[in-house]
Every structure is written in structure tokens, then in C-alpha cells.
Amino acid sequence: MADEPKPPAPAHAPPKAAAPAGPTEPAPPADLAQPAYLATLSAEVPGSVTAVSYFVGDWTIVVPVAQLLGVACHLRDAPDAAFDCCSDVTATDWPPRAERFDVVYCLYSTRHRHRIRVKVRAAELQPVPSVTGIWSGANWLEREVFDMFGVNFTGHPDRRRILMPDDWQGYPQRKDYPLEGPGELLMENPIDWLKLRQAREEADIE
Amino acid sequence: MIDQFVIPLLKIVVVLNATLLGVTYMVLLERKVIAWAQSRLGPMRVGPYGILQPVADAVKLMIKEDITPVRADKWVFTAAPIISMVPALIVYAVIPFGPTIHLFGRPVSLYIADVNVGLLYIVSVASVGVYGIILAGYASNSKYPLLASLRASAQLISYEVAVTLTLVSVILMARSLSMVSIVNAQYNAGVWFAFVQPVAFVIFFIGGLAETNRAPFDLPEAEQELTGGFHTEYSGMRFALFFLAEYANMIVVSSVATTLFFGGWLRPFPNVAALHFLDVVPSWMWFLVKSFVFLYIFIWVRATLPRYRYDQLMRIGWKLLIPLAIANLVVTGIVKVLIG
Amino acid sequence: MGQAIAFYTLAAFILGFAVLVVSTKDTVHSVLFLVLDFLFVAALYVLLGAPFLAAIQVLVYAGGIVVLYLFVVMLVNLKRPPEAHQDPHRRTKLGFGLAVAVLLELGAIATYGMTRTGSPLVVPGTNGPLPGNTEQVGWLLYTSYLIPFEIASMLLLVAMIGAIVLAKREL
Amino acid sequence: METPAVHHGAMFDTNELVINMGPQHPSTHGVLRVVLRLDGEKVVDADVVIGYLHRGIEKLSENRNWTQIILLTDRMDYVAAATNNVGYCETVEKLMSIEVPRHARYVRTILCELQRIASHCLWVGTHAMDIGAMTVFLYAFRERELILDLFEEFCGARLTYNSMRIGGLPLDIPPGWDKKVLEFCMIMGSKVDEYEELLTHNRIWLERTKGIGIISGPDAVALGLSGPPLRGSGVPRDVRKDEPYAAYDEMTFDVPVGSAGDTYDRYLVRMEEFRQSLRIIRQATEGIPEGPIVGKVPRLIKPPAGETYHAIESPKGELGYFIVSDGKSTNPYRFRVRPPSFCNLQGLRALIRGHLVADVVALIGSLDVVLGEVDR
């Protein structure tokens, strides 16, 4: 959210001037009725939905991390929601923000044929409960998010890296991870690497 | 002297060379036939229509590096291809390619030896060939070959039982174990045994497919499952020996099928005098033509059918072929006793 | 003369391989020597004018039974540490005693056979024309040796059923 | 000959054999690695290891501008590049609310369906090859060649097409192309029958595929399967029908579903999809409207800030793109692909447990994964 207090950027974050603070989550237009299952959700799991957003036809709800499992269970089991398929789990990294990760669950209902995105915000080491117990298909998807972002999933049956080698250092999809890869220095000595990088950037500015 | 040593030696040289040449050209034939089945051309580059391809293959295989894996059992690893090749070749000793003919005024029989346990000899020698595969899998010290060799030993032993049982029904018909006598028995009976023993023939042929590791029973070398099976770790000439042994075995099975069920060197309807003009074709030619038909079927089957799974293969062997073969044997015996 | 040379050569090979079978460390090699041994025994049968027996020897023993041995040996992990071979229950003396007893028995049989005239296997004056070796074996099995033959087949059947009962996880 | 002994309660212990299938193996369709724990030939458990083809397409895309990404999407499911292009372009169009002209939507539909047939050709060939029927492979590739020729005529490339632009098409179909497509439809119809003749009622094929890798509909949904593996389990889910894109809302076609959820049903579903695709291509080619090929697209593509998820039905299943734009830069802030092969491959472990080694290759084939897409 735009009005959230911005914590100071972590020491190793790139000093990008205009890093966006977070996604734009436009509220639904006033003349658009919210889907019924959202009302049921708010009623059954109180305090679960902190924000509802609507953009180019997609509904998104933001959920506190603590409520994630409750919301997920409700969304799967409530007859008017019936989101039996977790079609995607992914994350977005917003580095300046304290809760830097948006973990996004794209849900789909094969019965009602509707979609919803559920979002939780998580800090770097904050545990996020795994939804693998609710949708078994989330297993690999969460592993990928863990692999790429380092989101701390808890209760995951098999939390290993999936795409990168097991001994890989760093999380490639984070915004402060260089595109060209870490190079050997980062692999062996991340602190020296950061110093070298900062020196280079300073040289660039001068 | 000449009759005792020179002629048999000459015969051995001729048969051995013809076999090896035939085997190499079997490879070309297979590639060509499968290519035609799959609407492509097959080898076309070496010689006109690729007929020199076997030469190129042989040269390539000979000059290839011969690798022995570090942790392999070296002696066994080297012996395995030889063990699989030798039985495939010495079986030809008792296969009759034709009757006794007169060559330069001297009677020459178109077989190396007529042993009175000829059929048993073939079966027993063939049963030793399985060691080549088992040992190759064991000696490679690698998991895929090991799995393949386990499959192979189980498969070959199971199908050997069925095949041997069908042979017994043929022996009952011919009252002899000698290959030459079996052909003569078919001449005397005036009918090829395939028409008297159709069940035995079908079981024999299916068993033959399985014993030579051919599709749809090519599990020990199923490339898609076991990356080449028992010869995964082999290269160069040692690999070539396995390859040659497989094709030599195919020729053996075809020859035995011809001899036992399709009258060997006999022309069609050997007792019908009206078809006497067929005798312009020499007897060994009939034998080769009949064997060739079987070889063609071998290749044809490979181009058409998917592969069985291991357990299905064993089920077919034990629950279908062996009971059928036993039933066939019993019926043959009863009929034999009743008719006399 | 030639026959004698052939026999003693074969016998030497048979004995040599037999020794190798029991003395080789690697079990698979040991099984392989056993196969070679069987093949030479088959050759001995040929020398004695029994081609049928020779073929059966190769087919059943070399080609069938030993393959199963090999199968088992390859599957069962026999590469144990050396101390496992030091069996506390080893009874060397008993083993030697048994070996000597068997040797004596064999010697006794041999001398008994030498003193008797005529081979016990060939039944003299059998009725019916029996031209070939195969036919002779068949005839003997179904006349003089019918009961041992049947008992042997019963034994094999029992062994087969027993193996199935032991190996099958649930019946 | 590996470590833990399995106790069957009887006096016989057997050792588990751990074998590595892949990453270099003829039937893992690329660089998939499956670590199998075997009891004899029976699979006790399996670990599916991926990532050998990971090229960081997502990361790379976040540093490329919106048009350049189309080229990267080609490299994901490289046997069905056109559907990847369509999926990406439609997502950006959705983000920017661009109206695509009807003509372009029709051409997209034709290309997508041609691509589906090409992909299924590759699948039927390799699947049959894995089970040992080698002839089908060459037959299927013969027909795939015809499709590649059509694509070559349309966009000049045979494998990675780069055949879409945001807002429409890069170029109009060449004159006479639609005739050739219809001609191809006629040829292909009989060829599908030919494949079926070789396989569908073949006893060995039936024995190898029936009852292998059964997964029930609800399980398949929960596992996130999509596309033919899901429809083989009897769930009539097809993005083309449920959330129509391109010109699918104007086409009439059926969604084939299986009932048993085994390898054979997945096979039947795909075989029927051949025919349905041909049906769609015929309708689209015959009814192709006149009109512009590109809609109103700004010169500099810079979608407004926001995020969206859009899915299409690729030959392998639901191919989704989740794209976040920050509204300021000319590249996406977050580019995420929901690869159908990845999610389908996840089901492999559940499917192969308890089957034999030979079934493992059959099941990998029946899921129809492309490792380029799994690893991205």
C-alpha cells in the first residue's frame, strides 16, 4: 500500500532511485458488485481480507499471513467459492518495503469457472505457511518461489531448491540480484562482492 | 582323407563366412525394410542404394575406441561378447541347408554334421548363449545393464521352456532328433509340419522372437527404458559382436523354423509329381527363400508393434505359451498313439 | 590311445575347474568355472558315446540351473567384509572327515565296478530294437529305472512347491 | 544394491536399487532426471529433479522491453512457440486494454491450432516410441513437417516463430496460405486415422497404457494438472471454452474428456484433440474476416501500472502469464509464467509410484512435458 511507512533500504539493495514501493492495487469501481464469495469469506473468516482490488477484470484480495491457511481452506471448501485448483503460486519482490514479498496465489474453480488472486505480504524471513496441504499442486510452485525469492515457507513437505542447484547462494528473482548472475566472487564471498559492486557504481556516477 | 577333413573344413569355412556375411547384410536389410515401412529411404550413401553400408559399419566399429569401464570386471567384460557370439555360430553345424548332392562326382552333403541329437544340440547350445547377456550386464558394473541382464535371464529361461516343449511335439511327429531326419519325415509325410502342428509353430515363432530379444520382446535392450540395456557400456567391436550375435540368432531361429515346420530344403508339395518343374530351383535355394521370409517377418514385426512390459512378457510366457505347448504336446501324443 | 589322451585331458580340466570353483574369491567367477566344468563333463559324455546325455547336461545344468545360480549370486550382495568370513561355527575337522568319507565311498564304488564285469548301465538282452542312444536312455528310464525316475520327479515337484511357498509373500 | 533393506515380513530381504533416469536418457524428453528407488523393477518412490535447462527467462524478461519478450517466450515450449507468443501478447493486451482486430484474432486461432497439432504430432511420435512403436514416430514427424512448412511460409521460421505482436500480427497471411491450410487439414484427417490404426486397438498398446498411472478427476485438479492429463481424468476443463480468447468464442468444437484417467485415456483425449483442432482450423480459415492486422497500439509500449494473470490453453495445458507493470519503465516489473509442463510434471511422482520401470517412460510420455518450459 502506498501509505505504508517505508523502511530504509537494506544495505545491499541497489540504490535505484525510483524503485516502486509496491503494486498498484486499484479498488474496484463503485458500480461493480463484488463477487458473492468475497462477502461470505469476510463473514466466515473475520478480519481476513485487508484489501480488495479489481484491475482489467481480475479480482485480488490481500490477506494477512496469519490468516492465509484459514482463507485458503475457506476458499477451497465454501460451496460458492470452490476454488479447487491452485493454478499458480508466485511472488513479487518490492525491495524498499519492509514486507518485501507479495506472495501471490492464483486460484481457479473448475466448478464455477472463476478466478481470484490471493496475496500475502511477507518480510524476508517471515514464515509463510505452506498451502501444500490444501492444494497438493502448490508443492512445486512453492518450491520455486522459495528457490527464486527465498520466501520462508513453513510446513512444506519438501522444501528444497527446484530449478537452481542445491548449493546455490542467493535468490535469483529478487530485485537486488544482478541479471548477469553472481559471478564467482558472490558465490564465494558475498561481502567482498558487495563492496566491489558499490565501488563500481560509485565510479559510474563520477 | 578328403572326405574326412578337407570337405568338412571347406564346409565350415563356407557356412561361417556365409553366415557372417548374411548377418552383416541382415543389418542393412533391417534398416532398409524398416525405412520402407516408415516411408523413408534408409541408408543410401555408401554404394548404390547403400549396399556397401555394412562395410562402412564394420570399418567404423573396428576403428572405434574400445572402452572398458574402470570398475568393470575386465575378464568377464571381455568374455561376454565372445560367449554370446560363439553359440550363435556353432549352431550352424547341424542345420541342413540341403540334401546330399553330387559335386565334381563326389557326394557332398549340404550340412556340416548330421548328429542324431541335432535338435537337442541346437537347444542346448542356444541355452548357453544367455550367459553372454547376463555376464555383460554383470561385468559392466552399471545399473541399467544389470537390470537388463536380470530381465534377459528371466526372459530367456522362461521362453526356452515353451520353445523346447514345442520341439518335443515335432520330435514326436518325426520320431527323430536329427535335423536331416526331420526334413525327411516331412517328405515322407507329404506335408510340412507347420500344417500338422500349427500351434507348435506359432509358439515356436513367438518364443523365437523372445529368445532373440526382438520386438515386441526386446526388453533386455529396450533403448527407451534401459538406455541400450546390457550393452550400454560396450563400444567398438565388442558391441559389434553382441549385435552380430543377435542377428545370427535371428538367422538360426529362421533356419530352425524352416527346417522343423516348413520342410527345410524341400520344394512346396514335394510329393506332387506335377510340380516337378519347381526342381529347377536348387534345394538350398528353397531353404534360403523360406528362411528369408521368416527374417522379413522378424523385421516387419519390429516396425509395427510396441513393446511388451516385463511382467506382461513373463505372463505370456508362463501362463499362455507354456500351458498351450504342454496341451499341444499331450494332444499330439494322444493322437499319435491312437493313429499309431 | 587317442581316447585315453582325450579322457585324461578332459579329466584334468574338470578337476582343475572344480578346484577353481571352490577356491575363487569372486562368487560370479566361481559360478562361471562351474559352467565350464559342466561343459567339460558334457564333453566327457560325448567321449563315452552318450551324446544325448551330453546335450541334456549342457541344456539343463549349464544352460538352466547355473543361470539361476548366477541370477541369485548377482542379486544377493555377497561382498561382505572379510571378518564376516570368519565363521565361529566353522568345523574344519568335521568337513575334512566328511570329505574323506565321501572319497572312501567313491573309491569303494570304483573298485566294486572294476571287479564286476560289464557295465551296470547297459541292461543286457533288452527286448525291442534300440538303435540310438536317445532311445536307449528312454527305454531304461521307463523300464528298469521307472521308480527312481518317478521318485525324482516327485521330489522336484515338492521342491518347486516348497520354493513357491517360501518365496510368495502372501498366498 | 543400495542401502536400506525392505522388510516384507518374510525371511527374505531385498535391497532397493536406486537408479538415475536422466538427465541424459533417451526417453526423458530432454534433461529431466528421475531418481527411481526400485524394488526389483517396481518403483517404490521417485524424485523428479528438474532445472537442467533453466535459463532464467523470467529474470531476463524483467530486463527486456515489452516487445523483446515475445522472442523469449518462443524458447519456453519450443515445440509450440506460437501459443506461447499468443499467450504473452494477450496478457499485455489485457493489461493495456487493447482491442485486437477480428482478422488478427482469427489468424491467431489458426496458428494456435496448427501449433497444437504440431505439438501433438511430436507427442504421439515420442510417446509411441517410448512404448516401442517406432513407426508412428516417423509418420507423425512427416505430418509435423507440413505444419512447419506452413509456419515457415507465414513467418519465415520453423521452430521459434516470434510470430505475434502486441495488438495483433506482425504481417498478414501470405496469399494462398489459407488454401494450403485447408489442404493440410484434408491430409491430416486421414493421417490421424492412420496413427489410430497402428495404436488404438493394438493389443500391446492397450496392455501398456490401460490402467497405467490412474489419477482421479479431483486429485488431478488438486495436483494442478491441466490440459489433456486433466481432461483424461474426466474434468471438462479447457481454457478455450471456459475463458475464451482469440476467436475461440466464435468457433464450435467439443472438448474431449476421458473417464478412467489412465494413460490410454490421455492418449485418446489427445487423438480426439487432433480432430477438434482440425475442425477449428477449417472454421477459422473458411470464415476469416477482412480487416487490419494490428489494433490501436501506442508506438511505445508501456502498460499502465497494475498486474494481471491471463491463461490460454497451450497444447500442454493451461499456460498462464502473471505480469506486473510499474507503469514507468519499458520493461515489466515482474514477469511470471505458469508453465503447464511444470505443473503436469509435478504429478509424475504420484503417477509412477507402484508401477514398473517401463511404465515410467510411458507416463513421462503421457504427461507430454517439454523441459524448456518446465525449467524456463
Side-chain angles (χ1 to χ4, degrees), chain A residues 18-26 53 55-58 60 76 84-94 102 104 106 108-111 113-115 117 119 134-141 143-145 147-148 158 160-166 168 172-175 177-181, chain D residues 47-54 56 58-60 62-63 94-97 217-226 230 235-237 241-243 303-311 318 320-322 324-329 333-334 336-339 342-343 345-347 349-350 374-376:
Chain A
T24 51
E25 280 159 356
S53 137
F55 182 67
V56 292
D58 298 358
T60 307
R76 186 191 61 179
D84 48 0
C85 175
C86 176
S87 66
D88 198 7
V89 178
T90 183
T92 317
D93 185 22
W94 305 93
D102 273 348
V104 184
C106 301
Y108 180 77
S109 161
T110 51
R111 196 190 314 161
R113 312 217 156 133
H114 52 212
R115 287 184 186 278
R117 276 202 302 279
K119 231 186 231 185
I134 296 162
W135 297 285
S136 48
N139 187 332
W140 276 24
L141 296 162
R143 270 176 75 186
E144 191 183 336
V145 173
D147 187 9
M148 290 293 152
D158 185 26
R160 284 177 294 154
R161 284 195 177 268
I162 186 163
L163 292 177
M164 307 302 283
D166 283 338
W168 194 262
Q173 284 281 9
R174 288 189 180 181
K175 284 289 167 185
Y177 189 93
L179 174 66
E180 66 273 15
Chain D
D47 186 17
V48 182
V49 183
I50 59 172
Y52 292 92
L53 209 58
H54 178 58
E58 289 182 10
K59 181 86 176 170
L60 209 53
E62 289 163 19
N63 293 274
K94 184 176 170 191
L95 208 54
M96 297 174 73
S97 311
D219 281 353
V221 171
L223 255 176
L225 300 190
S226 56
L230 180 61
V235 181
R237 156 118 178 85
K241 273 268 192 241
D242 300 344
E243 299 154 280
E307 56 184 40
T308 191
Y309 176 88
H310 178 68
E318 177 187 333
Y321 287 88
F322 174 72
V324 182
S325 164
D326 58 4
K328 284 178 244 160
S329 52
Y333 185 79
R334 172 83 176 104
R336 153 79 185 166
V337 187
R338 187 257 186 211
F342 181 87
C343 298
L345 189 59
Q346 186 172 199
R349 185 176 171 203
V374 172
D375 296 341
R376 303 182 297 291

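In what follows, chains carry the letters A, B, and so on, assigned in the order in which the sequence lines appear, proteins first and then strands, with residues in each chain numbered from 1.
Using a 4.5 Å cut-off between heavy atoms, D/Leu345 touches chain A through backbone and side chain atoms alike. For A/Arg161, no part lies under 4.5 angstrom from a heavy atom of chain D. D/Arg237 touches chain A through its side chain: at least one heavy atom from C-beta onward sits under 4.5 Å away, while N, CA, C and O do not. For A/Val104, the part lying near chain D is the side chain, with the backbone staying farther off; criterion is any non-hydrogen pair under 4.5 Å. Neither the backbone nor the side chain of D/Leu230 has a heavy atom closer than 4.5 Å to any heavy atom of chain A. Only the side chain of D/Phe322 comes within less than 4.5 Å of a heavy atom in chain A; its backbone stays farther off. Of the two parts of A/Leu141, the backbone and the side chain both hold a non-hydrogen atom closer than 4.5 Å to a non-hydrogen atom of chain D. For D/Ser97, the part sitting under 4.5 Å from any heavy atom of chain A is the side chain, from C-beta outward, and nothing else. For a residue to count as touching a neighbouring chain, one of its non-hydrogen atoms must lie under 4.5 Å from one of that chain's; by this rule D/Gln346 touches chain A with backbone and side chain alike. Heavy atoms closer than 4.5 Å to chain A are found nowhere in D/Tyr52, neither backbone nor side chain. The parts of D/Val48 that come within reach of chain A are both its backbone and its side chain, each placing non-hydrogen atoms under 4.5 angstrom from that chain.
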task: Might you work through the side chain to side chain contact (heavy atoms under 4.5 Å, CB included) test for A/Asp58 and A/Arg115, ending with a clear yes or no?
output: CA-CA 8 Å; A/Asp58 298 358; A/Arg115 287 184 186 278; over 6 Å; no
query: Going through the checks in order, is the side chain to side chain contact (heavy atoms under 4.5 Å, CB included) test met by D/Leu95 and D/Tyr321?
result: CA-CA 11 Å; D/Leu95 208 54; D/Tyr321 287 88; over 6 Å; no
task: Applying side chain to side chain contact (heavy atoms under 4.5 Å, CB included), run through D/Arg336 and A/Cys106 and close with a yes or a no.
output: CA-CA 12 Å; D/Arg336 153 79 185 166; A/Cys106 301; over 6 Å; no
query: Where do D/Arg334 and A/Thr90 land on the side chain to side chain contact (heavy atoms under 4.5 Å, CB included) test, with the steps shown first?
result: CA-CA 10 Å; D/Arg334 172 83 176 104; A/Thr90 183; 2.8 Å; yes
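Summarising the geometry of D/Pro304 relative to D/Ser325, their closest heavy-atom pair is O-OG, 3.3 Å, with the distance given to 0.1 Å.
Chain D forms more heavy-atom pairs under 4.5 Å with one residue of A/Asp147, A/Thr60, A/Asp93, A/Asp158 than with any other, namely A/Asp93. Of all the listed residues (A/Cys85, A/Cys86, A/Ser87), the one sharing the greatest number of non-hydrogen pairs under 4.5 Å with chain D is A/Ser87. Ranked by heavy-atom pairs under 4.5 Å with chain D, the list A/Pro165, A/Ala91, A/Gly57 is led by A/Ala91. Listed options A/Met164, A/Met148, A/Arg117 were ranked by heavy-atom pairs under 4.5 angstrom with chain D; first place goes to A/Arg117.
Ion pair A/Arg160/D/Asp47 flagged as a salt bridge, since at least one NZ, NE, NH1 or NH2 atom sits closer than 4.0 Å to an Asp/Glu carboxylate oxygen. Under a 4.0 Å N-O distance rule, the pair A/Arg113/D/Glu243 does not qualify as a salt bridge.
Looking at A/Trp135 and A/Val89, their side chains never come closer than 4.5 Å, going by heavy atoms from C-beta outward.
The aromatic rings of D/Tyr333 and A/Trp94 sit parallel to each other, their planes meeting at less than 30°, with 60° as the upper class boundary.
A distance-only check finds a donor-acceptor pair linking the side chain of D/Lys94 to the backbone of D/Tyr309 [under 3.5 Å].
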